Protein chains: 2
Amino acid sequence: MARRARKKNGDKHRRIIEAAVKVFAKHGFYNSKVSEIARAANVADGTIYLYFQNKDDILIRLFEEEMAAILERVQREVDAESDPAAKLRRFARAHLSLVEENQELAEIIQVEIRQSSKFMKEYKNVPFQQYLNLISGIVKEGQAKGVFRADVEPGVFKRAFFGALDEMSRYWVLSSARKYSVERAAQEIADFFLRGVLARPEGESGPDSAQGQD
Amino acid sequence: MARRARKKNGDKHRRIIEAAVKVFAKHGFYNSKVSEIARAANVADGTIYLYFQNKDDILIRLFEEEMAAILERVQREVDAESDPAAKLRRFARAHLSLVEENQELAEIIQVEIRQSSKFMKEYKNVPFQQYLNLISGIVKEGQAKGVFRADVEPGVFKRAFFGALDEMSRYWVLSSARKYSVERAAQEIADFFLRGVLARPEGESGPDSAQGQD
DNA sequence: GTTACTTGAATGAATCGTCATTCATCATCG
DNA sequence: CGATGATGAATGACGATTCATTCAAGTAAC
């Protein structure tokens, strides 16, 4: 029964994290009171400090735990496809679906984490790097298979692609108006990129003639 | 000499804004002290309250003033091109150049403004909307001219395109490593999109597909 | 041109509220 | 009984904002 302690720990730890998600999403990190998180989690103020070092720590841990789950899920979805182009579409769909399903969390990751990961210069934000690298991984694979153009810089692509999805999500999260469906948007965004990344969009002749002058 | 007063006003207002840019960029809005801005601007703490309502107001006004200048400049650059595709490339280059030239400001706009524009639910952030609409404007123009595919949703495109540039900027601003040149990245990002947006990448067949509904 | 008075910009020390965090105390369980 | 987890009132720091006061420049009167 000694392990019960751990289990109980896990329980309160969880409850606090979940409460924090709600509270941070509602007021933003800096305007959230620890006591409000405590109230929402149904624990005493002091209890929070048995599970977390301080307020910052709540944010970091919440981010890392949730991010790990997200990474795993998206990874799995992407792995389910074999064609690189399909992987990219799948990534877009998975990303936007996750945002739609976890709006509060998405809001925190988009707004608060960036805020503080800049402020906390030390924090390297590994999970986010990994997430981005899922994308560049797909690109490299596509290039290796000859399906994607070789002159695409994976390091630029991953940011551009992620950025596009992310900005679209922001729209979802911050506005209430849903003009476009997730499916539709994911599809369209992936398309913008894919048609530019595919080695030959349609029946094409040579890649040399591609660009005109500027 | 009575007008000197106004001039002097303008002067201090400016100095405070400029100081705030530095301070906010360095510590983030919430970790910045009004007294530090005052020190940086070489005015007394109280003086700030003669020019701004409160700390939030400093952020909002700084954003709006700087944004107006940015909008005007990018607008002008885009107008200098006539071909929609060229406009898009130009937009990308202008955007990234601005970021490179005003890193502190860019950092604030990316991180702090978003933070607080969520927190201040009322704040509609018109300047940002306008900025985005520069992009959708280009798309619509391109579609009208038949240069861009008609089935592209300008409202999705503007976010995707902006998001891509923005994420790339974040990399510049937050990391110190500059692996890719601005020029190169702008070019590449615009290309990802353009090759997907151009009505006919190469010699294609049917002209019927050109016009469509929106 | 100098003296006396008015105005309002500028100052910065003092105030006042607000939390994050602590810790003395309590409850529970084995 | 300890011991370990939980509590929540009390503490202390901090920092935005205020406001009584100073000061410089303008105006008028002589």
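For clarity, every value in this text was computed on a predicted model and none was experimentally measured. Note on naming: letters A, B, ... go to the chains in the order of the sequence lines (proteins, then strands), and numbering restarts at 1 for each one.
Per the geometry, NE2 belonging to B:His13 stands 17 Å off C1' belonging to C:dA9, to the nearest Å. Atom CG of A:Leu50 is separated from atom C1' of D:dG8 by 12 Å (rounded to the nearest Å).
The shortest side-chain heavy-atom distance between B:Phe157 and B:Ile138 does not fall under the 4.5 Å cut-off.
Taking side-chain N and O atoms only, A:Tyr51 has a distance below 4.0 Å to OP1 or OP2 of D:dA6.
Applying the salt bridge (Lys or Arg N to Asp or Glu O under 4.0 Å) definition to pairs two or more places apart or across chains, those involving residues 63-74 of chain A are A:Arg14-A:Glu65, A:Arg14-A:Glu66, A:Glu72-A:Arg76, A:Arg73-A:Glu77, A:Arg73-A:Glu101. Sorted by first and then second residue, the ring pair (Phe, Tyr, Trp, His ring centres under 6.0 Å) pairs with a member in residues 52-73 of chain B read B:His13-B:Phe52; sequence neighbours excluded.
Applying a 4.0 Å cut-off to non-hydrogen atoms, the residues of residues 36-44 of chain B that approach DNA chain C are B:Val43, B:Ala44, listed by residue number.
Looking at residues two or more places apart in sequence or on another chain, you find a side chain to side chain contact (heavy atoms under 4.5 Å, CB included) between B:Gln103 and B:Arg178.
Salt bridge B:Glu167/B:Arg170: present, at least one basic N to carboxylate O contact under 4.0 Å.
Of the residues A:Arg89, A:Lys87, A:Arg90, the one that meets the salt bridge (Lys or Arg N to Asp or Glu O under 4.0 Å) test with A:Glu81 is A:Arg90.
Judged by distance alone, the side chains of A:Tyr49 and A:Asn54 never bring a donor and an acceptor atom under 3.5 Å apart.
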Donor-acceptor pairs under 3.5 Å, side chain of residues 38-45 of chain A to any protein atom, not counting sequence neighbours: which ones?
none

Within the sub-3.5 Å range, which N or O atoms of nucleotides 14-17 of chain D have a protein N or O partner, and how far apart are they?
| unit_1 | atom_1 | unit_2 | atom_2 | d |
| --- | --- | --- | --- | --- |
| D:dA16 | OP1 | B:Ser32 | O | 3.1 |
| D:dA16 | OP1 | B:Lys55 | NZ | 3.3 |
| D:dA16 | OP2 | B:Val34 | N | 2.8 |
| D:dT17 | OP2 | B:Tyr49 | OH | 2.7 |
| D:dT17 | OP2 | B:Lys55 | N | 3.0 |

